[in-house]
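This is a predicted model, so every value here is computed, not measured. The sequence lines fix the lettering, A, B, ..., with proteins before strands; numbering per chain opens at 1.
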Amino acid sequence: MNVTRTFATSGRVLRQLGHDPRSIVLLLVAPSLLVGLFAWLFTDTDVFDGIGPAILALFPFVVMFLITSVTTLRERRSGTLERLLSTPIGRFDLIFGYAFAFGLAAVVQAFVTVLFAVYVCGLDVQGPLWQLGVVAVVDALLGTALGLLASAFARTEFQAVQFMPVLVFPQIILGGLFMPRDRMPDVLYAISDWLPLSHAIDAVNAVAAGDEAWEVYRPLLIVAAFTVGAVLLASLTLRRRTP
Amino acid sequence: MNQGAHHAQDPPTPAVIVRDLRVRRGGTTVFDGIDLEIARGGITGLTGPSGCGKTTLMRAIVGTQRIRSGTVTVLDREAGSATLRRRVAYDTQAASVYTDLTVEQNLRYFARLIGASRHDIERVLDQVNLRDQAGRRVDTLSGGQAGRVSLAVAILGRPELIVLDEPTVGLDPLLREELWEVFHTLVAEGATLIVSSHVMDEALRCDRLLLMRDGRVIADTTPARLLSETGAADPDRAFLTLIERKAG
């Protein structure tokens with residue numbers, strides 16, 4: 001890995017984002033609006049305190065998955081990827097360049113969304129707020145890694161967006177948002193154990209419940225492991241020589 | 001350029017040597033054992049009808065094409081090897097730059113990847129005549145200007161071999177003229193250029209010509225020899241005459 005090339009890539013990706021103010025606003029404001037909608041919907045019940053944290057785990061993952069898969073696909077299709085791979089840049093420089101840039105975007109997004117959820121919507125969080133931020137960033141990196149991987153299997157932006165229902169929705173449904181995981185049918189519980197978002201939601205719930213150390217770090221480490229796995233698989237799809 | 005290994009009396013090795021190259025793309029055979037050489041210096045034109053294998057050959061030279069067998073040697077190394085990634089530059093047919101960045105942001109990014117200096121960015125901006133557009137986003141430029149941004153990226157860091165796929169396609173005559181001047185400057189500075197074109201008129205401006213058809217080289221010649229040997233008045237006619245002879 002080469003630090004100069006990695007950060008040059010992060011800078012380039014952020015500059016591209018900087019030229020797109022509408023996306024930045026959507027990135028920063030949309031999650032808060034949706035969290036607000038949930039809070040409003042469940043006014044005078046304790047449902048929001050139950051599912052609010054899980055929603056916080058969802059946004060960074062979904063948003064970064066979409067942004068990364070579309071951006072990378074654009075790079076593949078526009079010929080810039082082929083050009084990049086004919087220069088000295090390595091595929092990990094490229095992947096980590098993307099991950100740093102989107103990770104940074106995720107930090108800002110998590111900051112805004114967590115503060116909005118806690119101080120405006122009154123979400124009850126027992127654990128320290130910074131831990132929610134950490135979970136959000138790891139989630140975002142997972143979304144970035146899966147997005148990189150998904151982009152390799154899509155030929156058009158339309159197909160890339162269609163990976164949402166295939167790769168993301170099942171994880172949301174089985175992640176424990178609609179039904180606590182330990183009350184699911186055994187088969188679905190077993191499946192949900194193999195979906196990274198389930199562990200992300202476990203982690204964020206653990207922080208909200210004020211659990212300590214291992215209760216938080218264990219699911220977080222599992223999410224991180226999935227992220228590393230997806231990055232390694234994605235790097236295999238970035239080949240200098242293509243058919 | 002960098003030819004310390006050669007003594008003055010040794011003729012330099014060719015910039016590109018292709019031996020028995022076989023390539024399949026999308027289920028069809030593009031090359032079934034092609035051999036060719038491209039000398040150092042000057043501009044070599046690759047020409048022939050669409051689909052004859054020009055782009056595939058260029059990709060093989062740059063090292064981005066997966067090949068089935070055979071060898072491609074570029075500047076005495078295996079095509080695509082790590083040391084060649086600074087010495088060989090490639091500009092694809094579509095302007096492969098980031099359209100949502102400014103001209104200068106594009107150049108700065110690629111310059112950092114290959115380790116080219118700030119000074120070099122200024123040089124290429126002048127060379128492709130885009131200094132006044134440096135601060136503009138590529139998607140606000142005309143097609144011809146965007147193509148020149150892509151060319152500017154290719155000549156960053158003074159590569160020894162520059163491979164350009166249809167660089168002048170769709171440009172007006174004035175712009176084409178300007179680009180050919182840039183090409184000749186690059187050659188004067190010691191670079192070797194490989195330029196593809198499916199327009200035969202363009203081919204006449206090259207120093208050497210490789211005429212391709214259906215994945216084979218049907219002539220390795222110069223523009224003057226092509227015209228005199230075929231006795232044709234214009235290059236299109238010369239190409240057709242060659243094909244007829246091969247068929248006969």
Side-chain angles (χ1 to χ4, degrees), chain A residues 1-24 27 67-68 70-98 100-101 105 152 155 157 236-243, chain B residues 23-27 30 55-56 58-68 72 79-102 104-116 137-140 146 150 153-154 156-157 159 163 165:
Chain A
M1 234 186 88
N2 176 297
V3 178
T4 308
R5 290 179 204 131
T6 304
F7 284 113
T9 303
S10 302
R12 186 264 296 172
V13 172
L14 288 174
R15 246 166 243 128
Q16 284 180 288
L17 197 59
H19 281 295
D20 188 358
R22 199 174 301 180
S23 289
I24 296 180
L27 195 70
I67 293 189
T68 314
V70 170
T71 318
T72 324
L73 188 73
R74 219 191 278 163
E75 184 121 65
R76 281 179 201 274
R77 281 162 53 80
S78 67
T80 47
L81 185 66
E82 184 170 22
R83 167 166 252 164
L84 285 177
L85 293 178
S86 71
T87 73
I89 194 171
R91 51 192 176 184
F92 284 107
D93 300 338
L94 197 58
I95 287 180
F96 287 118
Y98 265 102
F100 281 133
R155 296 230 166 140
E157 273 94 340
L236 294 180
T237 69
L238 288 178
R239 295 186 178 279
R240 288 192 196 270
R241 286 185 185 272
T242 48
Chain B
V23 175
R24 280 176 71 83
R25 277 186 93 175
V30 183
T55 298
T56 308
M58 291 187 143
R59 281 167 44 87
I61 291 171
V62 180
T64 57
Q65 176 65 51
R66 193 179 297 161
I67 63 179
R68 282 173 83 82
V72 183
S81 60
T83 50
L84 287 180
R85 285 182 205 135
R86 279 167 219 278
R87 300 170 63 198
V88 178
Y90 177 39
D91 191 11
T92 57
Q93 202 164 340
S96 33
V97 288
Y98 299 98
T99 55
D100 49 358
L101 292 180
T102 67
E104 198 172 5
Q105 287 171 335
N106 269 291
L107 289 171
R108 240 186 281 162
Y109 175 51
F110 284 105
R112 284 184 73 189
L113 295 187
I114 60 169
R137 274 172 61 148
V138 174
D139 55 12
T140 68
S150 199
V153 172
L156 272 173
V163 182
D165 199 353

Inset, instruction - State, yes or no, whether a side-chain contact exists between B/Arg66 and A/Arg239 at a heavy-atom distance under 4.5 Å. - result: yes
Inset, instruction - Count the heavy atoms belonging to other residues, nucleotides or ligands that lie under 6.0 Å from CZ of B/Arg68, then report whether that count exceeds 12. - result: no
Legend entry - A/Arg240 CZ to B/Ser81 OG distance, which is reported to the nearest 0.5 Å: 10.5 Å
Inset, instruction - Kindly give the heavy-atom pair with the smallest separation between A/Thr87 and B/Arg85, and that separation in Å. - result: O-CD, 3.1 Å
Legend entry - Any donor-acceptor N/O pair, B/Arg59 side chain to A/Thr242 backbone, under 3.5 Å: yes
Inset, instruction - Please examine the side chains of A/His19 and B/Arg137, heavy atoms only from C-beta on, and report whether any two atoms are closer than 4.5 Å. - result: yes
Inset, instruction - Measure from NZ or CZ of A/Arg83 to the centre of the six-membered ring of B/Phe110, then state whether that distance is under 6.0 Å and the direction lies within 45° of the axis. - result: yes
Legend entry - Atom group of B/Val97 that falls short of 4.5 Å from chain A, counting heavy atoms: both
Inset, instruction - Heavy atoms only: give me the nearest B/Arg112-A/Thr4 pair and the separation to one decimal. - result: NH2-O, 3.8 Å
Inset, instruction - Counting only heavy atoms closer than 4.5 Å, note whether B/Gln65 contacts chain A via side chain, backbone, both or neither. - result: both
Legend entry - Close side-chain approach of B/Ser96 to A/Glu82, heavy-atom, < 4.5 Å: no
Inset, instruction - Pick one of side chain, backbone, both or neither for A/Leu17, based on which atoms fall under 4.5 Å of a heavy atom in chain B. - result: neither
Legend entry - Side chain / backbone / both / neither for B/Ala154 at chain A, heavy atoms under 4.5 Å: both
Legend entry - Gap separating the CG atom of B/Leu113 from the OG1 atom of A/Thr9, nearest 0.5 angstrom: 5.5 Å
Inset, instruction - Mind ranking A/Gly11, A/Ser86, A/Pro243, A/Gly18 by heavy-atom pairs under 4.5 Å with chain B and telling me who comes out on top? - result: A/Pro243
Inset, instruction - Could you tell me the separation between the CZ atom of A/Arg12 and the CG atom of B/Asn106, rounded to the nearest 0.5 Å? - result: 9.0 Å
Legend entry - Which atoms of B/Ser150 approach chain A - backbone, side chain, both or neither, heavy atom under 4.5 Å: both
Legend entry - Distance-only donor-acceptor check, side chains A/Arg15 and B/Thr102, under 3.5 Å: no
Inset, instruction - Return the option, out of B/Thr92, B/Asp91, B/Val88, with the maximum number of heavy-atom pairs under 4.5 Å with chain A. - result: B/Asp91
Inset, instruction - Would you check if there is a donor-acceptor pair between the side chains of A/Ser78 and B/Tyr98 at a distance under 3.5 Å? - result: no
Inset, instruction - Please state whether the side chain, the backbone, both or neither of B/Arg24 comes within less than 4.5 Å of a heavy atom of chain A. - result: neither
Inset, instruction - Any chance you could measure A/Leu84, atom CG, to B/Thr64, atom OG1, to the nearest 0.5 Å? - result: 12.5 Å
Legend entry - Part of B/Val23 within contact of chain A (heavy atom distance under 4.5 Å): neither
